[in-house]
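Below is one structure; the comments refer to it alone.
As the structure is a prediction and not an experimental result, all values here were calculated from the model.
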Amino acid sequence: METSRLNYCCAGHNPPLLLRKDSDDITLLESGGCPIGLFPEVEYEESSVRVDPGDLFAVYTDGITDALNTEDEDFGEARLRQVLSRNRNRPSEDILDRILASVRDFSLGAEQFDDQTAVIGRVR
């Protein structure tokens with residue numbers, strides 16, 4: 001935090017999202033490589049991004065964005081971004097609750113095939 005920079009490497013399926021406190025822009029933190037453990041000799045790229053107090057991070061599994069409704073439509077990243085944008089000023093726990101409730105409401109009781117996990121964090 002002394003430099004106000006986050007060094008990161010994405011070695012998962014979905015890149016985390018970064019929402020700036022004073023902007024509607026949402027940045028994908030996609031530097032890295034394929035999901036960890038798939039190939040033994042993969043090299044991963046590290047990146048750095050400036051962060052400021054109030055910036056919000058969302059880390060999530062594909063079970064959130066790939067959640068299906070009864071019409072076989074997926075929840076998608078665009079809906080996730082909308083939920084995050086609308087609730088960005090709420091406490092992290094509330095944002096997480098709203099993401100999961102939005103996925104449940106969208107799914108209309110359709111059986112899901114994957115875990116639905118998310119972590120919300122805010123820079124202090």
Can you get from [X] to [Y] by hopping between Ile, Leu, Val, Met, Phe, Trp and Tyr side chains that sit under 4.5 Å apart?
X	Y	value
Ile26	Ile64	yes
Leu96	Val119	no
Leu28	Leu56	yes
Val123	Val59	no

Are any non-hydrogen side-chain atoms of [X] and [Y] less than 4.5 angstrom apart?
X	Y	answer
Ile99	Ile95	yes
Leu17	Leu29	no
Leu18	Val49	yes
Cys9	Ser31	no

Asp24 atom CG: more than 12 heavy-atom contacts under 6.0 Å:
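No, the 6.0 Å shell around CG holds no more than 12 heavy atoms from other groups.
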With sequence neighbours left out, what residues match Arg104 under salt bridge (Lys or Arg N to Asp or Glu O under 4.0 Å)?
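With sequence neighbours excluded, Arg104 shows a salt bridge (Lys or Arg N to Asp or Glu O under 4.0 Å) to no residue whatsoever.
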What's the separation between atom CD in Glu45 and atom CD in Glu30, rounded to the nearest 0.5 Å?
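Here the interatomic distance stands at 10.0 Å.
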Measuring from atom CD1 of Ile120 to atom CG of Leu84, what distance do you get when rounded to the nearest 0.5 angstrom?
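Result: 5.5 Å between the selected atoms.
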Scan residues 78-119 for pairs that pass ring-ring contact (aromatic ring centres under 6.0 Å, His included), counting only residues two or more places apart or in two chains.
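Passing the test, one end in residues 78-119: Phe75-Phe106.
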Could you note down all residue pairs passing ring-ring contact (aromatic ring centres under 6.0 Å, His included) where residues 17-72 supplies at least one of them, sequence neighbours left out?
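Qualifying pairs, neighbours excluded: none.
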Quick one: closest heavy-atom pair of [X] and [Y], and the distance?
X	Y	answer
Ser23	Arg88	O-NH2, 2.9 Å
Ala110	Asn69	CB-C, 3.8 Å
Cys10	Pro16	SG-CD, 3.9 Å

Tell me, with the steps shown, if Gln116 and Val103 meet side chain to side chain contact (heavy atoms under 4.5 Å, CB included).
CA-CA 9 Å; Gln116 296 176 346; Val103 171; 3.5 Å; yes
For residues 55-72, which residue pairs qualify under salt bridge (Lys or Arg N to Asp or Glu O under 4.0 Å), counting only residues two or more places apart or in two chains?
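Those involving residues 55-72 are Arg20-Asp55.
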Identify, with sequence neighbours excluded, every residue that meets side chain to side chain donor-acceptor pair (under 3.5 Å) alongside Glu77.
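Result, side chain to side chain donor-acceptor pair (under 3.5 Å) vs Glu77: Arg81.
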Using a 3.5 Å distance criterion without hydrogens, assess whether the side chain of [X] forms a donor-acceptor pair with backbone atoms of [Y].
X	Y	answer
Gln112	Leu68	yes
Arg122	Pro53	no
Ser107	Gly109	no
Thr61	Thr117	yes
Asn87	Val83	yes

Partners of Asn7 by side chain to side chain contact (heavy atoms under 4.5 Å, CB included), sequence neighbours excluded?
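Glu46, Ser48.
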